[in-house]
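Data first, discussion second: the structure below is written as structure tokens.
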Amino acid sequence: LWPWLLASSGLSALVQLVTLPFFPDSPSYLLIQKDNEEACRKAIRKLWGEGDHQAEIDDIMKEKVVMTSTKTLRVLEVMKEPSLRWQLYILMTVMTTLQLCGINAIYFYSFEVFHTAKFEEYLIPYVSLGVGLCEFLSSILCSTLIDRFGRKVLLWGGYTLMCSVLGLLTTTLSLQHRFFWMHYFSVILIFLFVIFYGIGP
């Protein structure tokens, strides 16, 4: 079953590969990059149907003017530019915390935690699949919550809850030899951590 499950991801890639030639190019790409207004109009008609789309073309033209007047910076120029410094710091902080938040350790040690929790050997891959499904569903939930609460609230909330769960998980793993039910509590905490990771960072 697992080879078929892994191979199924190639099905969507195959569908995209077959159908991609039938899709029109992006109107903004045709107008800005290729400087082909007629092809842009044709692509817009194919995407949005017949009608007056002059307003959309005017918007793309404004974007083209802005892009031509904006200087493209190299990496070192971005790092030296004072007006971009805070954005760069924020980006580096978010990306660093994303790598060091503990999700990789959770995925790496989850098999051992499930094994210690006395799950049958054949059930552990399905429990691991459940962990991945939790991340997928929480990512979908995040896309609905981000408009209501904003990115900053989700980041702070996600990291706070993840820190709390990691603290509890450290406690349960330390006490798992004293209390038999601690194994199951650890499994629940792993699922919670993955959910908070999907919603937050």
Side-chain angles (χ1 to χ4, degrees), residues 2-101 103-104 107 129 132-159 194-201:
W2 283 104
W4 288 105
L5 187 63
L6 289 172
S8 65
S9 61
L11 183 63
S12 61
L14 183 63
V15 169
Q16 290 178 32
L17 188 66
V18 171
T19 57
L20 195 60
F22 301 101
F23 286 100
D25 286 322
S26 164
S28 57
Y29 166 76
L30 291 169
L31 192 56
I32 295 172
Q33 303 291 333
K34 295 290 187 179
D35 201 21
N36 190 339
E37 188 172 339
E38 185 54 41
C40 173
R41 288 180 185 277
K42 187 177 176 184
I44 286 176
R45 283 195 298 271
K46 193 170 182 182
L47 288 169
W48 298 327
E50 295 295 331
D52 184 20
H53 302 293
Q54 189 58 42
E56 287 83 2
I57 293 173
D58 290 341
D59 286 341
I60 297 172
M61 290 299 290
K62 289 176 188 173
E63 184 183 343
K64 182 179 180 181
V65 170
V66 170
M67 286 182 68
T68 52
S69 62
T70 304
K71 182 188 174 187
T72 304
L73 298 175
R74 293 190 174 93
V75 176
L76 286 176
E77 291 173 331
V78 170
M79 294 173 76
K80 291 176 182 177
E81 180 62 41
S83 63
L84 299 174
R85 198 157 289 154
W86 273 110
Q87 293 93 319
L88 189 62
Y89 289 157
I90 290 169
L91 181 66
M92 288 172 63
T93 303
V94 170
M95 295 311 294
T96 303
T97 52
L98 191 62
Q99 293 300 316
L100 301 176
C101 70
I103 189 67
N104 293 326
Y107 276 127
L129 185 64
L133 186 62
C134 275
E135 185 178 352
F136 173 71
L137 293 176
S138 60
S139 299
I140 294 173
L141 179 63
C142 174
S143 64
T144 59
L145 293 176
I146 197 165
D147 291 331
R148 182 178 295 180
F149 299 107
R151 187 73 178 142
K152 187 187 284 188
V153 172
L154 290 183
L155 277 173
W156 279 108
Y159 279 125
V194 171
I195 289 169
F196 295 147
Y197 172 79
I199 291 174

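Predicted model, so just to flag it, every value in this text is computed and none were measured.
Across all their heavy atoms, Ser138 and Val194 have their closest contact at OG-O, 3.8 Å. Residues Ser83 and Gln87 come closest through the heavy atom pair O-OE1, 3.1 Å. Contact between Ser143 and Ile146 at its shortest, heavy atoms only, is O-CG2, 3.6 Å. Across all non-hydrogen atoms, the minimal contact from Leu154 to Cys142 is CD1-SG, 3.9 Å. Nearest heavy-atom pair across Glu135 and Tyr197 is OE2-CE2, 3.4 Å. Of all heavy-atom pairs spanning Arg151 and Gly200, the tightest one is NH1-O, 3.2 Å.
Between Lys64 and Asp35 there is a salt bridge, with a side-chain nitrogen of the basic residue lying less than 4.0 Å from a carboxylate oxygen of the acidic one.
Here the NE2-SG distance, from His53 to Cys40, works out to 10.5 Å after rounding to the nearest 0.5 Å. The CG atom of Leu14 sits 11.5 Å away from atom OG of Ser9, with the distance rounded to the nearest 0.5 Å. In this structure, Tyr29 OH and Asn36 CG are separated by 10.5 Å, a value rounded to the nearest 0.5 Å. Note that CD1 of Ile140 and CG of Leu145 are 12.0 Å apart. Values are rounded to the nearest 0.5 Å. Rounding to the nearest 0.5 angstrom, the gap separating the CD atom in Glu81 from the CG atom in Leu76 is 13.0 Å. With rounding to the nearest 0.5 Å, the separation of CD1 in Ile44 from CG in Leu31 is 8.0 Å.
Checked against side-chain hydrogen bond (donor to acceptor under 3.5 Å, both in side chains), Asp58 has the following partners two or more places apart in sequence or in another chain: Gln54. With sequence neighbours left out, Glu37 forms a side-chain hydrogen bond (donor to acceptor under 3.5 Å, both in side chains) with Arg41.
The backbone N or O of Gly51 lies less than 3.5 Å from no partner atom in the side chain of Arg45, so there is not a single donor-acceptor pair. A donor-acceptor pair under 3.5 Å is absent between the side-chain atoms of Glu63 and the main chain of Ile60, judged by distance alone.
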Would you sort out whether Thr96 and Thr93 count as a side chain to side chain contact (heavy atoms under 4.5 Å, CB included), showing the intermediate values? CA-CA 5 Å; Thr96 303; Thr93 303; 5.9 Å; no

What verdict does the side chain to side chain contact (heavy atoms under 4.5 Å, CB included) test give for Phe23 and Lys46, after you've listed the backbone C-alpha separation in whole Å, the side-chain angles of each residue and the deciding distance to 0.1 Å? CA-CA 9 Å; Phe23 286 100; Lys46 193 170 182 182; over 6 Å; no

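If you check the side chains of Thr97 and Tyr159, you find a donor sitting under 3.5 Å from an acceptor.
Taking 4.5 Å as the limit, every side-chain heavy atom of Met61 sits out of range of all side-chain heavy atoms of Val65.
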